[in-house]
Amino acid sequence: MSQQYKGNIPLTLSEYDTLTQLLSRLLNTKYPPVIIPGEAILGIEAVAAGISAPGRTIVNVVTGPYGSLFGQWLERGGATVIEVKVPFDEVVPVEKVAAAIEKHQPSALSFVQAEVVTGGSNPTEEIIKIARAHNLITVSDSVSAIGGEPLLVDDWGIDFVAVGAQKALAGPNGISAVSISPRGWEFLESNAHAPRNSILSLLDLKPSGEGSAPVRVPPNIPTLEARALILALTAIESEGLEQVIKRHEQAALSAIAGIQALGLEPWQKDNRTYSTLTTTVRISGEKKLHIDQPIGIVAPGDGELFGQLLRINHFGVNASLAGVEEAVATIAALLNQDHEQAVQAVRLVWGE
Ligand SMILES: *Cc1c(COP(=O)(O)O)cnc(C)c1O
């Protein structure tokens, strides 16, 4: 008796086509996205490498660590990078983006849609609207936003959108995608510094045009991950993307109610800008909340945010009533408090 290992059976053209169409529907775009043979961070680095060049000025919004990293990659490519940065317990005000655009006359603008690390979500539609009014190329890191908040790539007119499946979509982390508009492709093609024959080359991965059937399966796509992504996106379609987003909104609102019932407050200052993926909890000197390791979905702050906040990672399968209840009970236990009242507050907001 032998069990056949099927991981090395190549992806068929029909599977590849299915995956591309699932991604296009997810992103609300008629253009086939580029499938990135690795973690989402690879797609983001590839975008930075592809658009950056000496002589190009790019406004880069920094509202968390991923934005800083993107700026460093842009600088490596030789672009003049104008950083628009805010404290990490805030999101960027649109006026600040507008002022930087007017002052520096950039050719492109980049930002992160939803920040899992800080728990804030940037005003994406407004940012894009201002950038488009100035005819800028726009780049959105929507790795965590996708599935947690609306993202209408073609309607909004975003030129580069990086997405991952391992956050709100409960999918694999070994494969990801970047959606690129025709204007975005022109911006890459007109850049003599854009990588070629490289793992960072988006131009090497350019799919065949809109509407036309793919002619072959790119050989570098990880087979197991591609199949796992098809399953994850099929599950999202059968639940309904709107319902998936709603579940994340419910999780965020009920998590906030739960921590407030414990006498704690969100780390994000403005209650209109919470991300729906994570709820960040201000520690403010409360020693009992200093943890070194995650406990379930309750995690310490990353990097410079360590010791300043706790993060409740209520995304993907954990965007559930049970997930939020357990997280709130975990925090109550850290505080040596009874969790009953806080869990009731969670249930009330969830609607059960
Ligand atoms: C998770 C995340 C990434 C990185 O994706 P990985 O695939 O986990 O490396 C990038 N940007 C944002 C905003 C994220 O939330």
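Both counts, for ligands and for their atoms, begin at 1 and track the order of listing. In this text, all values refer to a predicted model and were calculated from it rather than measured experimentally. We use all heavy atoms of the structure for the numbers below, so side chains are in, but hydrogens, waters and symmetry mates are not.
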Report task. Return yes when Val116 approaches ligand 1 closer than 4.0 angstrom through a heavy atom, no otherwise. Result -> yes
**Report entry** Heavy-atom donor-acceptor pair, Gln250 side chain to Trp350 backbone, under 3.5 Å
**Finding:** yes
**Report entry** Backbone or side-chain N or O of Glu39 under 3.5 Å from ligand 1 N or O
**Finding:** yes
Query raised in the report: Which atoms of ligand 1 have any heavy atom of Val112 under 4.0 Å away?
Result: 13 (C)
Query raised in the report: Is a donor on one side and an acceptor on the other found under 3.5 Å between the side chain of Asp154 and the backbone of Lys30?
Result: yes
Query raised in the report: Which of the atoms in ligand 1, numbered in the order shown and given with their element, are less than 4.0 Å from a heavy-atom of Ser144?
Result: 13 (C), 15 (O)
Requested in this report: Examine the side chains of Glu115 and Ser275 and answer whether a donor and an acceptor come within less than 3.5 Å of each other.
Outcome: no
Report summary line: Note: ligand 1 atoms sitting under 4.0 Å from heavy atoms of Ala40 are 5 (O), 7 (O)
Query raised in the report: What do you reckon, does Gln166 put a non-hydrogen atom under 4.0 Å from ligand 1?
Result: yes
Query raised in the report: Any non-hydrogen atom of Ala114 lying under 4.0 Å from ligand 1?
Result: yes
Query - Matching residue for Ile101 among Ile127, Ile130, Ile82, Val84 - test: side chain to side chain contact (heavy atoms under 4.5 Å, CB included) - result: Ile130
Report summary line: A student checking ligand 1 against Ile44 at a 4.0 Å heavy-atom cut-off should list atoms 10 (C), 11 (N)
Report task. Please check if atom CD in Glu326 has more than 12 non-hydrogen atoms from other residues, nucleotides or ligands closer than 6.0 Å. Result -> no
Query raised in the report: Under 3.5 Å, N or O to N or O, is Asp141 touching ligand 1 that way?
Result: yes
Report summary line: Per-atom filter on ligand 1: closer than 4.0 angstrom to a heavy atom of Lys167 are 1 (C), 2 (C), 3 (C), 14 (C), 15 (O)
**Report entry** Carboxylate-amine/guanidinium proximity below 4.0 Å for Glu239 and Lys246
**Finding:** no
Query raised in the report: Quick one: side-chain contact (heavy atoms from CB on, under 4.5 Å) partners of Asn220, sequence neighbours excluded?
Result: Pro37, Leu205, Pro218
